[in-house]
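Worksheet for the structure shown next.
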Protein chains: 2
Amino acid sequence: MVEETAIPTLADVAARAGVSTATVSRVLNSPDKVAPKTRERVARAVADLGYSPNFGARVMAARQTKTVGAVIPTMENAIFAKGLQAFQEALHEYGYTLLVASTGYDAEVEDAQIRALVARGADALLLIGHSRGRGLYDFLARQEVPAVVTWAVRPDDAGAVPSIGFDNRQAMRELAGHVIGLGHRHLALISAEIAQNDRAAERRAGVRAALADKGLSPDALIYVETPYGFDEGSVAFAQVMAKRPRPTAVLCGNDVLAAGALRQARAMGLDVPGEVSITGFDDIDLAQILHPPLTTVRVPHRDMGRQAALALIGHLTGAAPLSSATLDTSIVLRDTLAPPGHT
Amino acid sequence: MVEETAIPTLADVAARAGVSTATVSRVLNSPDKVAPKTRERVARAVADLGYSPNFGARVMAARQTKTVGAVIPTMENAIFAKGLQAFQEALHEYGYTLLVASTGYDAEVEDAQIRALVARGADALLLIGHSRGRGLYDFLARQEVPAVVTWAVRPDDAGAVPSIGFDNRQAMRELAGHVIGLGHRHLALISAEIAQNDRAAERRAGVRAALADKGLSPDALIYVETPYGFDEGSVAFAQVMAKRPRPTAVLCGNDVLAAGALRQARAMGLDVPGEVSITGFDDIDLAQILHPPLTTVRVPHRDMGRQAALALIGHLTGAAPLSSATLDTSIVLRDTLAPPGHT
DNA sequence: GTGGTAACTGTAAGCGCTTACATTTGATTT
DNA sequence: AAATCAAATGTAAGCGCTTACAGTTACCAC
């Protein structure tokens, strides 16, 4: 056991196989360029040594990593999971690896994570939402790292990063419109924090637009903003129900807040949807597990993820320029929404 | 606009600041070794150029990446999220970055992801559970990448990767023991798939042990194994309730399956816990959102994540050898468990 | 046999960065 | 003002890999 203890390198493999490093590199990257015999000998050496290429060196020499990064606000729940899963699957089909970093909805952390991923050689990036400093986009441009934004669209700004997402405002506007159409006049909105979160901002704008559509005053909207979480949703619901006139429908910026709201409603002995209607947004699996099942907005998570991946890959391989796409959402009527009742 | 279009390198910065590359490198890595004036000049050049260090090159030259990787079965739900979050936070405190890869509970994918992370220069790894090929551990050893296993412990095998987790078997044994103590005699277990998943296997073993403890036959356990998911839980519950003697308590391998089971019970018009008790495992947030709130096993997610991070960091900095730790779990009695009732 | 060609394989020049070591600078001391 | 030494900076040698280019072989057609 006088084993060489250092981590084996290409050169070690080459030596053991009695070939040059170039040949080893070839069998690793384009096996068909090497004679079967040599290839096998090298393969054996690789196996014997337990050799694994040093990625850093490879990246440096080859200028591409076949990995794409995704920076998401949180892994704490399923909101981004489905889409990311599809994204990952599509990437995998094309031989790319996905690396995920999360930010906890913190802009500074996001900045750092994006830079970390780029520095680490991500060939491309998936970002959530548009709201981040101009500087970051400049940085990406300078580093020549293509990026695509999902979970949102920005129709107005042609110069920004392309987005493959959906129209948060329009979706919420439709849902709120439907709620109002049912006869609700006193609406409340429990929103995620809007600073740094354009999806939340857009959704609120959607509710206001719907109010305006129906000739109601957006100012009458009872509004509470809260961090993300079940408990936060519960607390916000209690707050909102304490207002007068008491809302007959409580729209929530996402399903998680809605779940918290629903729980609180039960705790308060309120019948849903008899005494108060509650809606969510995202249609994550949770929405169907709740009781009653949650009325919400369905987002094409998987489609979005896959399309984003294909767009990025298409761009990386030079097949097509990156372009935006807007996917459709739909309202999923389940059992937490009904016309305003007694009281 | 005759901007140099190439990505700026250390040398570019050095040239612009009128210093050597060594100096630039120093202001980037140990600013205090550089005169304030120079430092500032370099900083300006960095900013002007929008320079960002090439990670690959840095890794290669410096031999460490300050990043640790985590390979988890799935991001589709909150099971690993809490622990990972804590893991990440602790890493962050020490200047490390976390990179996450998921496997979809597929051993081959896991193998690939682990290698990818190592190749990418992860200084250390967080793994879930013990069940994977010996070869992988050899690989890690050879690459000198320390790893720690979480969500499980393996008391018997001293040679393996150290683990910072909890005793799945014992935890489940206690829960099942409690259920039996309540008077239940007909138990069912809805388990996650056991192949490749030692946590699930251990939990099942725990139920069997509890049965044996009380002098009941482990063979009488109604057992269904299913992939992960709400719907899967529902289906499994229906299967299990079709068996005779009909179980009065249905233990689930995790909270997600339990949530599905609970929904199915409602769909079948079964009162929980009046007609049938249901329990989960993990105590993810979801457990409290369900109605009725789920009786389950609390796992010290955050503690586990943090301790794993600290252990890894301690090892990387040479402060302490990696060693195992077993954390305590506890039974959380909520409202889905009661003594067997009528019927 | 020869020359020509295709198929392999080797040589060596970087990729962008860190860092040991050498050199220069500038205080401080005498 | 010379000597001394610490602080600041520069020089240059790699880190492990890819790849353009050059050199070898092996094989065929003539």
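Lettering follows sequence order; numbering is per chain, from 1.
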Start and end of the DNA chain D segment that chain A contacts, any atom under 4.0 Å from a heavy atom: dG16(D) to dA20(D)
Without placing hydrogens or testing angles, list every side-chain donor-acceptor pair under 3.5 Å for residues 17-28 of chain B, not counting sequence neighbours.
from, atom 1, to, atom 2, distance (Å)
Ser20(B), OG, Ala22(B), N, 3.4
Ser20(B), OG, Thr23(B), N, 3.3
Ser20(B), OG, Thr23(B), OG1, 3.4
Ser25(B), OG, Asn29(B), ND2, 3.3

- request: Test Ile114(B) against every option in Val109(B), Leu136(B), Val145(B) by the side chain to side chain contact (heavy atoms under 4.5 Å, CB included) rule and name the one that passes.
  value: Leu136(B)
task: Might you confirm whether atom CZ of Phe139(A) has over 12 heavy atoms from other residues, nucleotides or ligands at distances under 6.0 Å?
output: yes
query: In residues 28-37 of chain B, which residues come under 4.0 Å of DNA chain D by heavy atom?
result: Val34(B), Ala35(B)
- prompt: Charged N to carboxylate O below 4.0 Å: is that the case for Asp111(B) and Arg115(B)?
  reply: yes
N/O contacts under 3.5 Å, protein versus nucleotides 20-26 of chain C?
none

message: Under 4.0 Å, heavy atoms only, any strand: does Ser25(B) hit a base, just the sugar-phosphate, or nothing?
response: base
query: Do Val100(B) and Gln88(B) come close enough that some side-chain heavy atom pair is under 4.5 Å?
result: no
query: Would a 4.5 Å heavy-atom cut-off, applied to side chains only, mark Ser163(A) and Ser324(A) as touching?
result: yes
message: Mind checking if Val19(A) touches a base, just sugar-phosphate, or nothing, with heavy atoms under 4.0 Å?
response: sugar-phosphate
query: Between Glu89(A) and Arg302(A), is any pair of side-chain heavy atoms under 4.5 Å apart?
result: yes
task: Could you check if a side-chain atom of Val148(B) sits within less than 4.5 angstrom of a side-chain atom of Leu126(B), using non-hydrogen atoms only?
output: yes
- prompt: Using the C1' atoms of five pairs at each end, what's the angle between the two axes of the helix from dG1(C)-dC30(D) to dT30(C)-dA1(D), to 10 degrees?
  reply: 30°
statement: Applying ring pair (Phe, Tyr, Trp, His ring centres under 6.0 Å) to Phe80(B) and not counting sequence neighbours gives Trp151(B)
statement: Judged by nearest nucleotide, the residue sitting upstream toward the 5' end of DNA chain D, Ala61(B) or Ala61(A), is Ala61(B)
message: Does atom OH (Tyr94(A)) have a neighbourhood of more than 12 heavy atoms from anything else shown, all under 6.0 Å?
response: no
message: Heavy-atom count check: over 12 atoms from other residues, nucleotides or ligands less than 6.0 Å from Glu93(A) CD?
response: yes
- prompt: Would Asp138(B) and Arg134(B) satisfy salt bridge (Lys or Arg N to Asp or Glu O under 4.0 Å), going step by step from the backbone distance to the final call?
  reply: CA-CA 6 Å; Asp138(B) 289 344; Arg134(B) 177 84 229 154; 3.5 Å; yes
task: State, to 0.1 Å, how close Thr326(B) and Val153(B) come at their nearest heavy-atom pair, and which atoms those are.
output: OG1-CG1, 3.5 Å
